[in-house]
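Residue numbers begin at 1 in each chain, while the letters A, B, ... track the order of the sequences.
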Amino acid sequence: MLSELKSEFASLAPLAVIETDYKVKGYHLDVEVGPDRVVDAAELLDRLGFFLEAITGVDWLGKNPVGNQPDPVSVNEQDPEAAEAEGEAGSDAPADKMEVVYDYNRTDGVLCRVVVRCRLDRAKPELPTVSRLIPGADWHERETHDFFGIIFTGHHDLSPLLLPEDADFHPLRKDFKA
Amino acid sequence: MGKESLQSAIIKFAPLDKLLDLGRANSLWPMTFGLACCAIEMMATGASRFDLARFGAEVFRPSPRQCDVMIVAGTISKKMAPAVQTLYDQMPEPKWVIAMGNCAISGGPFVFEGQYGIVEGADKLFPVDVFIPGCPPRPEALIEGILELEEKVTGHRRWPRVEAV
Amino acid sequence: MNDLARSPNQETFVLNLGPQHPATHGVLRVKLTMDGEYIVDAEPVLGYVHRMHEKMGENRTWVQFMPNTARLDYLGALSYNHGYVKVVEQAMGLEVPERAEYLRVITVELNRIASHLLWFGAFVLDLGGFTPLLYAFDDREHILDLLESVTGSRLTFCYYRFGGLCNDVDDDFLTGTRAFIKRLRKRLPDYHNLVTKNIILINRLKDVGVLSAEMCRKYGATGPVLRGSGVDYDVRKNEPYSVYPELDFEVPVYSEGDSMARYMVRMDEIDQCLRIVEQALDKLPEGPVMAEKVPKILKPAAGDYYGAVEAARGTFGIRIVSDGTNIPYRMKLRSPTFSNLSLYGEASRGLLLPDALALMGSLDLVIPEIDR
Amino acid sequence: MTLTEPWRVLAFLVGIIAFVALNAAYLVWLERKVAGHIQGRIGPKEVGPFGLLQPLADGIKLMSKQLLVPKGVDPLLFKVAPLLVLVPAVMSFVTIPFGENLVARNIDIGLLMIFAFASVNVMGLLLGGWGSNNKYAVISAARAVSQNVAYEIPMLITVVTMIMLTSTMNLNEMVIQQGGGILNWHFFANPLMPFAFLIFFVCALAETNRAPFDLGEAESELIAGFHTEYSGMGFGVFFMGEYANIIIGCSLAVILFLGGWQSPFEFLSDQGLWGVFWFLAKVYFLIFCVMWIRWTYPRTTLWGLLNLSWKILIPISLLILLLTGAMIKVWPLITGAS
């Protein structure tokens with residue numbers, strides 16, 4: 001399954017495809033793609049019988065994104081900060097990032113969890129919606145928009161889901177003050 | 001303004017008031033209205049082991065128009081607050097409110113610096129008669145709360161109070 | 001939809017179900033567009049009991065977040081406890097003593113039974129039968145007694161610790177659990193006689209609210225909802241954790257996809273839970289219940305970790321992002337009913353109001369877990 | 001009975017109202033007790049001995065409660081509706097024979113009168129629901145009406161069968177015909193009668209909006225149905241009307257099928273107060289069954305309910321009518337009896 005997936009993903013020009021230690025990480029494959037490839041990745045996984053378990057965001061204000069610690073082989077040149085030592089506020093780091101994480105899983109007995117992540121510019125967090133393809137993504141995207149203000153272009157209704165109807169704040173941003 | 005002796009009234013309302021109070025205290029119909037965890041304990045109080053019916057208080061009415069007491073059982077979020085307020089307003093007088101659980105008392109465990117979502121206590125919205133602490137309070141605590149409310153209405157206690165040793 | 005029953009001029013009106021409504025089991029609001037009693041469109045509105053769990057996760061230490069997991073899904077709190085300790089132990093590489101794992105399984109399965117019992121009662125209450133609720137509560141009280149004796153609370157348990165349990169059980173708990181298994185096995189046939197075989201109930205549930213397996217996949221539905229649609233997926237089997245691989249149990253699957261199938265899945269699961277508890281009691285080893293080398297201050301290595309467990313309502317997933325400090329950087333809680341409910345809009349289209357409420361009941365909603 | 005006419009009327013008026021009020025109150029108490037014992041609880045017990053003062057407390061509470069007339073309702077319909085439910089129910093008691101001589105007005109068309117009043121009852125529900133200006137109440141009212149219309153038909157067909165059998169519409173005469181022990185009750189008149197009784201009983205349940213046909217107030221669907229917006233005594237009057245209707249339904253079933261005030265065995269007296277005793281004993285037994293059913297079964301849906309009526313009960317009741325007619329008219333011809 002994993003090798004098949006890897007070769008499938010190769011066609012999407014991913015920024016990183018990393019096999020992870022399931023025992024520690026809880027997932028098998030960590031894929032990073034650009035915002036323009038999120039829908040393609042969803043389509044690919046949907047075609048292979050995966051289902052979308054959750055979508056969430058992570059706000060990396062003033063920090064270097066940690067998460068996928070790439071092995072040296074697959075380090076991508078477009079993604080230098082991921083290879084840096086994690087946990088330290090990069091003083092000379094480039095613009096802050098906002099990350100969107102998609103968790104995919106299977107129900108047919110094959111144990112394979114895939115994480116697709118997409119890092120966005122924090123100043124302008126926009127990426128296309130996958131809710132047209134996977135209706136279950138609708139609410140997850142709305143929730144992510146609620147919490148982080150990430151805009152899913154093409155989503156039919158990004159009005160607050162969990163927050164009050166008139167909420168104009170995004171509480172899980174790290175610079176949020178009540 | 002000294003002491004003036006008033007003529008005793010022809011119709012005495014005080015005994016009638018007492019009767020009304022007795023009637024009201026013994027027939028406290030709560031609203032079917034659960035907000036969060038405490039609602040389950042509220043249901044448990046109405047169920048077989050604890051049996052709120054003994055005090056005539058098991059008639060959970062789903063319509064606020066027919067309730068006497070609102071048991072605020074759970075966290076009031078800011079989104080929910082207008083609805084809770086409306087429900088309170090829709091209840092006919094005389095009405096009472098029991099704040100069940102820490103969330104309804106003060107926001108409970110969900111209060112932290114920078115919280116953006118909850119109302120810190122039901123008494124921020126409307127007057128509360130009885131507070132029942134706990135997270136969630138045991139059914140016995142809710143029964144004690146009902147007895148406490150009865151005492152508040154009639155002025156005397158149904159069962160002897162159990163003192164902590 | 002029956003064409004005759006539709007009003008000729010397609011006149012619709014909006015009915016607000018909730019946020020305070022007896023059928024929503026809490027503070028869910030469903031905006032129904034109705035044509036007579038037929039539902040043209042249903043839009044659940046969430047967030048009425050949004051309690052900021054994910055924000056709180058970023059504000060307190062790893063240990064301090066523990067009680068929050070109990071307040072997510074208050075009916076199956078131990079599953080959530082388990083999910084959380086599991087992912088942190090995974091990140092820290094902590095070894096949990098075997099006895100602790102067995103006790104986790106025993107308590108979590110007891111909790112699952114309690115949750116299913118309450119659902120059973122509340123579901124029949126939705127259908128207008130009041131008495132089964134009280135019977136279910138009666139049995140549930142026995143479980144709560146047992147769990148209270150070890151965990152100290154009746155509802156919002158906080159029993160597991162990173163690396164084990166907060167305290168060991170005594171003999172009373174073990175004998176009490178065995179007695180309870182015997183008792184519930186005797187009571188279950190009564191439930192089936194009173195409720196499952198009732199012709200009114202069968203008529204109301206058969207072929208109502210059919211969810212296809214494909215629809216469940218598209219919406220990410222899990223748990224009994226998915227298993228009622230014929231998909232054999234249970235995290236305990238498919239992604240074995242704890243000591244589940246050593247226990248012999250079946251995952252009930254029904255392929256009809258209607259409300260009756262979901263009902264039967266849960267009722268059969270009670271049976272299976274009893275089997276699991278019984279076996280776990282037999283196999284319960286002696287030993288410590290807490291790992292020895294658990295650091296006082298937890299600092300999982302930077303990175304993100306994902307863990308999933310089978311909660312009473314489906315797959316509870318938890319994604320933690322650590323930046324190497326003693327405070328989580330991000331805590332994502334993937335609640336099963338959130339996804340299960342998201343298919344409600346599509347599934348309820350064209351149903352009658354009572355059938356739509358039966359469908360909602362059969363999804364087994366716990367609102368604070370959806371809103372988080 | 002030596003009372004002069006005006007006094008007689010007054011006595012019965014007071015008596016009936018007291019009977020209805022007392023029964024409504026104590027049937028609620030009984031219902032709560034029965035429900036409690038079915039569910040493994042105790043039920044009301046703290047207010048007075050055995051909780052006997054509970055209805056009194058509830059009554060005082062309801063009467064002293066604020067009467068809300070919400071904004072947006074039709075004030076006239078809203079206020080009239082509870083009365084439209086209660087008054088016809090009370091009026092129906094006029095022709096009910098409690099004992100051999102204990103009947104307010106022994107009208108020859110008593111049965112017809114009761115059904116005339118019973119159909120006013122549904123107007124109360126409709127107007128209450130409509131006047132409340134509440135969507136749940138309107139849905140509930142619509143349900144109640146379609147349910148009542150559907151169930152009045154098999155009920156009336158069954159009643160016509162009984163009229164054919166007894167050739168009278170006078171309730172007291174019907175009872176007198178059933179004298180002489182349990183086997184003379186109409187329930188055993190011919191093999192079809194148990195079915196007719198069952199149909200009548202089911203229809204009576206549906207007419208009174210009781211579980212499993214309580215679609216009108218379906219708590220988990222429609223909050224509280226047509227009386228969602230009623231507070232205090234408005235709600236209390238609806239409740240009294242509901243229980244009065246249950247008593248009427250059960251009384252009719254007893255009169256038509258179970259021998260009214262006749263004692264089940266000839267050696268037991270049914271004179272004077274004994275007649276009242278037998279009558280009430282039978283009625284309360286049926287009421288107990290009604291409660292028993294309520295606390296056992298889940299609710300049907302509207303479709304199931306209407307299907308039951310139109311597709312099952314009406315054809316069967318017509319068949320019973322036909323067969324009974326045949327038995328009455330054809331059987332004597334064959335056997336040669338006059």
Side-chain angles (χ1 to χ4, degrees), chain B residues 13 15-34 43-69 86-96 139 143 146-147 149-150 153-154 157-159, chain D residues 28-29 31-48 50-71 73 132 134 136-137 140 217-236 238-239:
Chain B
F13 282 106
L16 179 69
D17 265 354
K18 266 192 186 148
L19 184 70
L20 290 185
D21 286 344
L22 264 177
R24 287 166 179 165
N26 286 309
S27 163
L28 291 168
W29 293 0
M31 199 191 307
T32 319
F33 175 48
M43 281 162 81
T45 317
S48 306
R49 185 182 291 186
F50 301 99
D51 197 15
L52 209 48
R54 288 175 294 159
F55 311 97
E58 94 281 28
V59 192
F60 281 91
R61 298 300 312 173
S63 163
R65 304 266 186 228
Q66 295 150 12
C67 308
D68 307 299
V69 51
T86 309
L87 284 172
Y88 178 76
D89 292 342
Q90 280 176 337
M91 286 165 63
E93 293 283 351
K95 55 190 168 188
W96 296 275
I143 290 177
I146 297 261
L147 295 186
L149 184 58
E150 282 178 6
V153 175
T154 59
R157 167 110 184 152
R158 187 197 290 278
W159 280 354
Chain D
V28 177
W29 173 82
E31 175 122 46
R32 286 162 81 171
K33 274 291 195 195
V34 167
H37 284 278
I38 286 178
Q39 294 160 352
R41 330 181 257 128
I42 307 168
K45 83 174 241 291
E46 289 288 329
V47 189
F50 306 107
L52 275 171
L53 295 180
Q54 189 65 55
L56 197 71
D58 286 340
I60 291 173
K61 197 266 320 251
L62 282 174
M63 275 187 254
S64 65
K65 200 90 184 152
Q66 180 187 14
L67 267 180
L68 272 175
V69 181
K71 203 174 154 189
V73 305
S132 293
N134 177 313
Y136 289 108
S140 151
E217 13 181 329
E219 203 172 284
S220 52
E221 296 162 23
L222 302 176
I223 315 284
F226 48 83
H227 54 64
T228 302
E229 293 287 347
Y230 284 89
S231 66
M233 219 38 208
F235 163 69
F238 267 124
F239 232 71

Report task. Please state whether the side chain, the backbone, both or neither of E229(D) comes within less than 4.5 Å of a heavy atom of chain B. Result ->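 Backbone plus side chain of E229(D), per the 4.5 Å heavy-atom cut-off to chain B.
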
Query - I60(D) side chain reached by L19(B) side chain, heavy atoms, under 4.5 Å - result: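 They are in side-chain contact.
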
Query raised in the report: Could you give the distance from OG (S63(B)) to CZ (F235(D)), rounded to the nearest 0.5 Å?
Result: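 Taking OG in S63(B) and CZ in F235(D), the distance rounds to 8.5 Å.
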
Query raised in the report: Which value, rounded to the nearest 0.5 Å, describes the distance between S27(B) atom OG and L56(D) atom CG?
Result: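 With rounding to 0.5 Å, OG (S27(B)) is 10.5 Å from CG (L56(D)).
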
Report task. Using a heavy-atom cutoff of under 4.5 Å, enumerate the residues of residues 32-40 of chain D that contact chain B, numbered in order, or state 'none'. Result ->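 Residues in range: R32(D), Q39(D), G40(D).
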
With a 4.5 angstrom heavy-atom cut-off, which part of [X] approaches chain D: side chain, backbone, both or neither?
| X | result |
| --- | --- |
| R158(B) | side chain |
| L28(B) | neither |
| D68(B) | both |

Query - Heavy-atom closest pair, residues D51(B) and G43(D) - result: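 So the minimum-distance heavy-atom pair works out to OD2-N, 3.1 Å.
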
**Report entry** Heavy-atom closest pair, residues L68(D) and Q90(B)
**Finding:**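 In this case the closest contact between L68(D) and Q90(B) is CD1-O, 3.4 Å.
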
Query raised in the report: Is the cationic atom of K65(D) (NZ for Lys, CZ for Arg) positioned less than 6.0 Å from the six-membered ring centroid of W29(B) and within 45 degrees of its normal?
Result: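 K65(D) over W29(B) ring: no.
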
Based on non-hydrogen pairs under 4.5 Å, which of [options] is most in contact with chain D?
| options | result |
| --- | --- |
| A47(B), A53(B), P94(B) | A53(B) |
| R65(B), E58(B), M91(B) | R65(B) |
| R24(B), E93(B), K95(B), Q66(B) | Q66(B) |

**Report entry** Option in D58(D), L67(D), L62(D) with maximal non-hydrogen atom pairs under 4.5 Å from chain B
**Finding:**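 Of the candidates given, the most pairs with chain B belong to D58(D).
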
